[in-house]
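Letters A, B, ... mirror the listed sequences (proteins, then strands); counts begin at 1. Values below: every heavy atom of this structure, side chains too, minus hydrogens, waters and symmetry copies.
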Amino acid sequence: MHKLRMSIQKELLLLRRDIGGVVILFAMPLVLILAVTLIQNAAYQRSGDSQIPILIVDNDKGDVAKSVFENMKDSHAFDLVTEIDGKPITETSAKNAVFSGKYQLAIVIPENLSSDLQAKIDQNVEKILLSFGLADSLKPKVAERIITKKDVKLYFDPAVQMSFKNAVMNNIDKMISKIESQSIYAAFKEQLGDEAGTDPFENQNFIAFKEINPTVGNKEIKPNAVQHNVPAWTLFAMFFIVIPLSINMVKEKNQGTFIRLRTNPVSSAVVIGGKTLTYLIICMIQFYMMIAVGIWIFPLLGLPALNVDANLFMLTVVALFSGLAATGYGILVGTIAKTQEQSAPFGATSVIILAAIGGVWVPVFAMPKFMQYVAMCSPMNWGLDAFYDVFLRNASIMEIYPEIALLFLFFVVTITIALLYDKKKRSV
Amino acid sequence: MDVIIDIHELSKKYKGAENYSVKPLSLQIAKGEVFGLLGPNGAGKTTLISMLCGLLEPTSGAFAIDGKTYESDEKELKKIIGVVPQEYALYPTLSAEENLTYFGSMYGLKRKELKTKIAENLERLGLTKFGSKRIDTYSGGMKRRINLIAGIMHEPKVLFLDEPTVGVDVHSKNVIMEYLTEINKRGTTIIYTSHHMTEAQDFCTRIAIVDRGVIYAQGTPSELIASTPDARNLEDVFLSLTGKALRDA
Ligand SMILES: Nc1ncnc2c1ncn2[C@@H]1O[C@H](COP(=O)(O)OP(=O)(O)O)[C@@H](O)[C@H]1O
Ligand SMILES: [Mg+2]
C-alpha cells in the first residue's frame with residue numbers, strides 16, 4: 001500500500017514537471033470543447049434564422065409539383081430558386097450548381113408526374129371499382145397504357161450534413177405519398193360521383209416540415225450540442241493521456257529507471273497500479289473540469305448550460321470506467337513503443353482515429369450505416385453511449401452495464417497484452 | 001568458503017544473435033568478497049550481471065544467490081540484492097531526494113528511516129547541497145553517485161555494480177570507490193564489472209577475466225599476476241591471456 005502510494009506520488013511529480021503533458025491534458029481539451037461548441041452553435045443558429053436556398057427544376061408543371069413547392073414555401077425553411085442568372089434552371093445547370101457547392105440542394109420534379117400519377121390512380125381505382133361492380137358505366141373506357149415509375153431527383157451538396165439530408169429526403173417522401181393518397185381519395189370520390197368537381201388538393205397545408213429525430217437501433221437518441229460535446233471531448237481528453245503516459249513509460253525504459261523498477265522487490269501490479277491510479281486521477285480531474293465548463297462557462301458564452309441534475313454519480317461511474325480504458329490503452333502503447341518518436345505520433349493518431357470513428361466529432365447517429373458498425377469498435381463510442389444514456393434517459397447502472405463492462409474488458413485486455421509483451425521481452 | 005553466489009553452467013544467447021554473449025560458465029563467489037568481472041566492451045559483463053539481477057532470462061544453466069532463485073523466491077531475492085546499472089537509472093526531472101525517496105520506498109523504507117538514509121548517503125558522497133536539485137542539472141559524476149545511493153540505501157547483502165565509474169571525473173571516482181570499500185567492510189558482497197584494470201587491481205579481492213563470453217582466468221589480483229610470466233600488473237595479465245590490447249570505452 002505504501003509502495004503504491006509512493007508510486008502515485010512519483011507519477012504525479014513526473015507529470016507536474018512535464019509542462020507539455022499538462023498542456024495536452026488540460027489546456028487542449030478546454031480549448032477544443034469551447035471552440036467546437038461555439039462553432040457548432042453558431043452554425044446551428046444561422047441555419048435556424050435564414051432560409052436555405054433550394055434549386056427547383058419543375059419539368060412537370062402540374063398539380064403535384066405545385067403542391068410540393070407550396071408546402072416547402074410554407075415551411076419557411078427554404079427559399080425556392082427557379083432561375084440562375086435570369087435563366088430558368090435545367091437539370092444540368094442545377095446539378096452543376098449544387099455539386100460545385102453554390103447550393104446545398106436541388107429538386108428535380110420529373111416530366112408528366114402529375115398527369116401520370118393521376119392516370120395511374122384512375123386506372124387502379126377503376127380496376128378496383130370494376131371488381132366490385134361499381135364502375136361508372138357512363139364513362140368512356142380509356143385504353144390502358146403502361147405508366148413508368150417516376151423519380152423525384154434530389155441533388156445534394158456532398159458537404160451537406162447527413163442529418164439535413166435525411167430530414168429533407170424524409171419530408172419529400174412523406175409529402176409525395178400524402179399527395180398520392182389524397183389523389184386516390186379524390187379519384188374514388190369522382191368515380192363514385194360524390195361531390196365531383198371539388199379540388200382534390202383542398203388541404204394543401206397539411207404537410208409541414210418536422211425535424212426527424214435520429215435513431216440508433218430502435219432507441220431515439222437526440223443529445224443537444226452541449227450534451228454531445230461535453231462527454232465527447234472529455235473522452236477525447238481522457239484518451240489523450242496516452243501521449244504523456246506512453247512517453248513517460250518510454251523514457252523510463254530509455255533512462256534505465258526501468259531496470260530499477262524490475263530489480264526492486266515490487267510486483268508489476270504495484271508498478272502498473274501506480275500508473276493506472278495516477279492517470280485515473282488525471283482523467284477524473286479532466287472529467288470534472290469539463291463538466292464544470294458545461295455548467296458554468298457555457299452560459300457565460302451564450303451557450304446552453306449543461307444540465308447534470310442528479311446524474312453526477314452515474315456520470316462519475318461512466319467517467320471512471322472510461323478513464324480505466326484510456327489508461328489501459330496508454331500503458332499498452334507505452335509498453336510496446338521503443339522510442340518517443342514511436343509512441344507520441346502513434347498515440348496521437350490512434351486516439352484521433354478512435355475519436356473520429358467513435359463519434360466524437362460527428363455523432364454516430366449522423367454516420368452512414370456502415371460507419372455506425374465501425375463505431376462500435378471504438379472504446380470512446382462505448383463511453384459516449386453510456387454518457388448519452390445517463391444524460392438523456394437517466395439510465396441506471398443496469399442500463400449502462402454493457403458499455404461499462406466493455407470499457408472494463410478493454411482495460412483488462414490492454415493490460416494483459418502489456419504484461420505478456422513485457423514478459424516476452426525479458427526472454428530476448 | 002561461504003558461498004553466496006553459486007553459478008552453474010549459465011549461458012546467454014540473445015534471440016537472433018549468432019554467438020553466445022555468455023558461454024556456459026560456472027562460478028562461485030564467497031560472502032564478503034569484492035568480485036571483479038573484468039573485460040573489454042562487448043565481453044558479456046552486462047549480460048552476465050543482468051541475468052544475476054533477474055533482468056534477463058538465461059538461455060541455459062542456473063544460479064542461486066544466498067540460496068535463493070528467481071524461480072522460487074523472486075521477491076525475497078530482490079530484497080537482498082542491490083543494483084547499480086551501467087546507465088543512470090534516475091528520473092531526470094525529479095530532484096535527487098525525490099528520486100531516492102521513490103526508489104527507497106520501493107524497498108520498503110519509510111518516513112523517518114528513509115529520510116535519515118537519504119540524508120546520510122548524500123552527506124557521505126558530498127551531495128547534501130544538491131539534494132533538492134533536479135538530476136538533469138547534475139554532472140556525470142554527481143549522477144553516478146546518486147545512481148549508487150539508489151542501489152544501496154536498503155543495505156543489500158549482495159550488490160551488483162555495472163561499470164560504476166564510467167565517464168566519471170577522478171574526484172567522483174575516488175569518492176565512489178572509497179564508499180564501496182566501506183560498504184564492503186560492513187558486510188556487503190560486491191560484484192563489480194569494469195574495463196579498468198588498475199582500478200580493479202586495488203579494489204577487488206578476486207577477479208575473473210572475461211572476453212567473448214568466456215572466463216579466461218580467475219583468482220586474486222596477486223595470484224593472477226604471479227601466475228603470468230613477465231606480468232607486472234593486471235593489464236599485462238589480460239594482454240597475455242587474450243593476446244590483444246584492451247579496447248577502451
Ligand atoms: N539486447 C541484446 N541483443 C543482442 N545482442 C546483445 C544485446 N545486448 C548485448 N548484446 C551483445 O552481447 C555481447 C555482450 O554485450 P555486453 O554484455 O553488453 O558486454 P559488456 O557489458 O561486457 O560490454 C555483445 O556482443 C553485444 O553486442
Ligand atoms: Mg556493459
Side-chain angles (χ1 to χ4, degrees), chain A residues 1-23 244-245 247-275 277-278 334 338-340 419-428, chain B residues 12-17 21 46-47 49-59 70 73-95 97-99 101-111 114 134-136 143 147 150-151 154 156 160 162:
Chain A
M1 222 37 220
H2 172 69
K3 290 180 183 177
L4 190 61
R5 220 190 62 224
M6 296 306 284
S7 300
I8 295 173
Q9 190 179 318
K10 174 214 65 176
E11 296 289 343
L12 287 174
L13 260 175
L14 284 175
L15 257 177
R16 248 183 36 208
R17 304 273 158 84
D18 173 16
I19 299 299
V22 173
V23 168
L245 173 52
I247 286 182
N248 274 357
M249 290 182 67
V250 169
K251 272 191 196 157
E252 261 175 359
K253 279 190 253 184
N254 299 341
Q255 285 159 1
T257 28
F258 202 49
I259 297 182
R260 288 204 196 284
L261 298 184
R262 282 246 192 94
T263 53
N264 285 338
V266 171
S267 62
S268 0
V270 171
V271 176
I272 288 187
K275 291 186 195 302
L277 287 174
T278 306
K338 291 194 177 67
T339 62
Q340 285 183 51
L419 284 173
L420 289 177
Y421 185 88
D422 203 43
K423 200 161 173 191
K424 209 187 115 215
K425 273 228 321 241
R426 224 178 287 204
S427 59
V428 284
Chain B
K12 180 70 193 179
K13 183 169 175 261
Y14 287 101
K15 270 195 193 119
S21 294
T46 299
T47 305
I49 276 217
S50 298
M51 288 191 282
L52 297 178
C53 296
L55 291 163
L56 206 56
E57 273 178 22
T59 306
Y70 287 105
D73 334 83
E74 178 169 359
K75 210 161 175 190
E76 289 309 305
L77 180 45
K78 280 177 166 179
K79 274 185 199 163
I80 61 156
I81 64 162
V83 180
V84 179
Q86 186 171 350
E87 353 165 24
Y88 308 119
L90 303 165
Y91 293 102
T93 55
L94 303 191
S95 72
E97 276 157 4
E98 287 162 346
N99 266 291
T101 303
Y102 171 64
F103 290 121
S105 57
M106 291 303 108
Y107 281 100
L109 296 175
K110 280 184 204 169
R111 320 221 140 262
L114 180 58
R134 280 164 57 143
I135 293 296
D136 51 14
K143 283 186 206 167
N147 207 31
H154 61 295
F160 295 98
D162 198 358

Hey, can you pull the donor-acceptor pairs under 3.5 Å for the side chains in residues 262-272 of chain A, sequence neighbours left out?
residue: A:R262; atom: NH2; partner: A:D422; partner atom: OD1; Å: 3.4
residue: A:T263; atom: OG1; partner: A:I259; partner atom: O; Å: 2.9
residue: A:T263; atom: OG1; partner: A:R260; partner atom: O; Å: 3.4
residue: A:N264; atom: OD1; partner: B:Y107; partner atom: OH; Å: 3.3
residue: A:N264; atom: ND2; partner: A:R260; partner atom: O; Å: 3.1

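The residue among A:L261, A:L13, A:N254 with the most heavy atom pairs within less than 4.5 Å of chain B is A:L13. Interface summary for chain A: among B:K75, B:E98, B:M106, B:Q86, the most heavy-atom pairs under 4.5 angstrom belong to B:M106. When the candidates B:N147, B:L77, B:I81 are compared by the number of heavy-atom contacts under 4.5 Å with chain A, B:N147 comes out ahead. Taking B:I80, B:L55, B:V83 one by one and counting their heavy-atom pairs under 4.5 Å with chain A, the maximum is reached by B:L55. No other option in B:E76, B:K12, B:K13 has as many heavy-atom pairs under 4.5 Å with chain A as B:K12.
Taking each heavy atom of B:G108 and A:K3 in turn, the nearest pair found is N-CE, 3.9 Å. Summarising the geometry of A:M6 relative to B:T101, their closest heavy-atom pair is CE-CG2, 3.4 Å, with the distance given to 0.1 Å. When every heavy atom of B:A89 is checked against every heavy atom of A:G256, the shortest pair comes out as CB-O, 3.1 Å.
Atom OG1 in B:T93 sits 7.5 Å away from atom CG in A:D18 (nearest 0.5 Å). Atom CD in A:Q255 sits 8.5 Å away from atom CG in B:L90 (nearest 0.5 Å).
A:Q9 has its side chain out of reach of B:S105: every pair of non-hydrogen atoms, C-beta onward, lies at least 4.5 Å apart. A:K10 places a side-chain heavy atom less than 4.5 Å from the side chain of B:Y91.
Ion pairing between a basic and an acidic side chain is recognised when a charged N comes within 4.0 Å of a carboxylate O; B:E57 and A:K423 show no such pairing.
Looking at B:A150, both its backbone and its side chain come within 4.5 Å of chain A, counting heavy atoms on both sides. There is no contact between B:T47 and chain A, counting heavy-atom distances below 4.5 Å. With a threshold of 4.5 angstrom between heavy atoms, B:L109 approaches chain A through N, CA, C or O but not through any side-chain atom. At a 4.5 Å heavy-atom cutoff, A:R16 makes no contact with chain B through either its backbone or its side chain.
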